[in-house]
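Here is how names work: the chains are called A, B, and so on, in the same order as the sequence lines, proteins then strands, and each is numbered from 1.
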Amino acid sequence: MVRMVIVPDEGDGGWLRAADGGPVTRVPDLAASVGEFEDAGEPRWVVADLAQVYPRLLRRGARLGRCHDVTLTESLLLGYDGRYGEPSAPAAAHARLRGLPPPPPVPEAVTGTLFDDERPPKDGAAEAVLLDEVHAGQMARLESRGRMATLAAAESAGGLIAAEMTFHGLPFSREAHDAILTGMLGSRPVKGLRPRHLQELADRVSAAFGRPVNPDSPQQILAAFKSAGMPIESTRSWVLKRLDHAAVEPLLEYKELARIWTAHGWSWADQWVSPGGDGQRLRPEYVVGGVVSGRWATDGGGALQIPKAVRGAVRADPGHLLVVADAAQLEPRVLAAMSGDAGMARAAGEIDLYEALSGTFGGKRDDAKIALLSAMYGGGSPEAMTLLAVMRQRFPAAYAYVEAAAQAGERGRLVRSWLGRTCPPASSSFKSMGAGPEASRAVRDRGRFTRNFVVQGTAAEWALALMAFLRNRLREESLGELVFFQHDEVIVHCPAERAGRVGEVIAAAGRAATELLFPGTPVRIPMHTAAVESYADAK
DNA sequence: TGTTCGCGCGCC
DNA sequence: AAAGGGCGCGCGAACA
């Protein structure tokens, strides 16, 4: 496979170099050159940092097919070697490779404030040579570390997809959003005031206490209930629900609506929705690998927690549809596959895994669900313990898999996902901790974390693989665009007449992802797919 | 006045 | 119904 190092300049040009030697070529129109190489042979592009580089390339009209992100890969390799958190930029990686002291970090704030003529001219040729060398070193390390080469490829594909999703944006109707908000909260207030419905609820809370109480202040609420003769330990909703007091109902409604208003209200839309396509687009900044388990995070935009109540504002362009697909019960299926538990794998061949397991748990689907979730999350309620005992007996391999991960964590060791993403090390204070209740709590916390890490991390890898396959097929058949991703769920925006084919392609991508991670497994990871005009209609 | 922290809840 | 794992976000409160 041809690899090509690519370094953009500040304008339209840049530098290219065939990986593993050869001269660096200066090109005046980088987007055009990218297109020529893509047409000629689908190279794998070697890029310093897609999050920095790719958005501008996309705006210039370039699209990279496959790539190797040096920064993302370096982070994965550092983690694998127990050097979590060391700098992963190419310059730092290069210094490590050569055994040199690490270069001083370049604060972004400084580069951002420099005028163009104060900044030293970029030496793209030197950077291309450096990237080439770091890349070669990374390839050697990936090969000797299990399935890490697959992980690096999947992570890099994620980098491409994240930038493309922000570029395309999620189709969004500000008019629909405003209508939803107005219906729930009242019309948009002037700055500094609450919307009408919220203010009414706040007034009702104060009236119920007989004095002014700010419903946004947990302290004031605690004090108010205390003087009403109902002391409570927190203002969590399930604590409040136990109380018989006139303030509870308006308070709970206030909390629910206030969250929509502050987190996904008008100012949220002001900030994150902009024109695009045939309408408007929500453009969050995704952070690939932003969660230690490999899940994505967002840097603003709150896109990974769009409340169900607001999803009606996510609407396809005219003549288009949103194909919304989520992997059903992804994490327990992943556990079945990675542990190789035959009994659990048989159940995971069914569409409803929990239903298939219910026979084992006295015919109760909910009990099967609690048993599995407790095994994966470390739940320890008395009820869960009973169900876990059943699970241990009937699905010993699956049980042992997560149990081993928990024990490793409790002993301060590292655990890895299926492809090799590695959890952060235990803190130094964890290792030097003595006995006592605080220490044992920290040990249990660490065990729950590593127990979940192996499953959540592998599920994140499966989702990356799914998206990588899906992205390629969407492109090959010109079907539409990936516009959203949330842990185990994707949205494709496409012309209405292509929605059926998109659904087939999503299902095929899911099968390909399962086969890539777990060749020959009997486990199925089916996709639940709906083609809708509005995201709110998907579930 | 600006920054950090804990809380509570939205999502998976 | 809540509880176990992972997050982001905005708030009030505390602190510098």
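Of the residues in residues 221-247 of chain A, those lying under 4.0 Å from DNA chain B by heavy-atom distance are A:Ser234, A:Thr235, A:Arg236, A:Ser237. Near DNA chain C, meaning a heavy atom under 4.0 Å from it, residues 160-182 of chain A has no residue at all.
A:Glu403 has its CD atom 15 Å from the C1' atom of C:dG5, to the nearest Å. We find that CG of A:Asn452 is positioned 7 Å from P of C:dG6, with the value rounded to whole Å. Between A:Leu335 atom CG and C:dG5 atom P there is a gap of 17 Å when expressed in whole angstrom units. Atom C1' of nucleotide C:dA3 and atom CD of A:Glu383 are separated by 10 Å, given to the nearest angstrom. Spacing between atom CG of A:Asp367 and atom P of C:dA2 amounts to 17 Å, rounded to whole angstrom units. In this structure, CG of A:Leu387 is placed 13 Å from C1' of C:dG4, rounded to the nearest angstrom.
Residues A:Arg524 and A:Thr514 have side chains not in contact (no heavy-atom distance under 4.5 Å, counting atoms from C-beta outward). Residues A:Thr182 and A:Trp266 form a side-chain contact, since some pair of their non-hydrogen atoms from C-beta on lies under 4.5 Å apart. Using a 4.5 Å cut-off on side-chain heavy atoms (C-beta onward), A:Leu240 and A:Arg236 make no contact.
A:Gln486 comes within 4.0 angstrom of sugar-phosphate atoms only, judged by non-hydrogen atoms across all strands, and of no base. Here A:Arg311 lies in heavy-atom contact (under 4.0 Å) with sugar-phosphate atoms only. In this structure, A:Ile306 reaches the sugar-phosphate backbone alone: every heavy-atom distance under 4.0 Å involves primed, P, OP1 or OP2 atoms, never a base.
Aromatic stacking of A:Tyr377 on C:dG4: not satisfied for centres closer than 5.5 Å together with planes under 30 degrees.
Ring orientation note: the planes of A:Trp418 and A:Phe518 are tilted relative to one another, at an angle of 30° to 60°.
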task: For A:Asp326 and A:Gln486, run side-chain hydrogen bond (donor to acceptor under 3.5 Å, both in side chains): C-alpha distance rounded to whole Å, both residues' side-chain angles, the deciding distance at 0.1 Å, then the answer.
output: CA-CA 9 Å; A:Asp326 71 291; A:Gln486 180 177 237; over 6 Å; no
A:Arg315 vs A:Ser173, side-chain hydrogen bond (donor to acceptor under 3.5 Å, both in side chains): CA-CA, chis, key distance, verdict: CA-CA 6 Å; A:Arg315 301 193 65 88; A:Ser173 163; 5.6 Å; no
query: Which is it for A:Arg311 and A:Asp537 under the salt bridge (charged side-chain N to carboxylate O under 4.0 Å, His left out) test, yes or no, and what are the steps along the way?
result: CA-CA 9 Å; A:Arg311 294 185 177 183; A:Asp537 300 332; over 6 Å; no
- request: Output, in order, the C-alpha distance, side-chain angles, deciding distance and verdict of side-chain contact (heavy atoms from CB on, under 4.5 Å) for A:Trp296 and A:Ile161.
  value: CA-CA 11 Å; A:Trp296 290 10; A:Ile161 292 163; 4.0 Å; yes
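We find that A:Arg194 and A:Asp203 are not joined by a salt bridge, their nearest charged nitrogen and carboxylate oxygen being 4.0 Å or further apart. Here A:Glu155 does not pair with A:Arg295 in a salt bridge; the nearest charged N to carboxylate O distance is not below 4.0 Å.
A 4.0 Å heavy-atom criterion places the boundary nucleotides of DNA chain B facing chain A at B:dG8 to B:dC12, written 5' to 3'.
At C:dG6, none of the side-chain N or O atoms of A:Arg295 fall inside 4.0 Å of OP1 or OP2 (strictly under the cut-off).
No hydrogens or angles considered: a donor-acceptor pair under 3.5 Å links the side chains of A:Thr422 and A:Arg416.
Nearest-nucleotide positions on DNA chain C for A:Met376 and A:Ile370 put A:Ile370 closer to the 5' end.
Within the structure, every pair that satisfies the side chain to side chain donor-acceptor pair (under 3.5 Å) test and touches residues 392-407 of chain A, not counting sequence neighbours, is listed here: A:Glu403-A:Arg451.
The ring pair (Phe, Tyr, Trp, His ring centres under 6.0 Å) test applied to A:His264 returns A:Trp268, not counting sequence neighbours.
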task: Assign a letter to each nucleotide of nucleotides 7-16 of chain C from its 5' end: B, base within under 4.0 Å of a protein heavy atom; S, sugar-phosphate only; -, no contact.
output: SBBSSSSS--
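Checked against a 6.0 Å centroid threshold, the rings of A:Phe484 and A:His493 do not count as neighbours.
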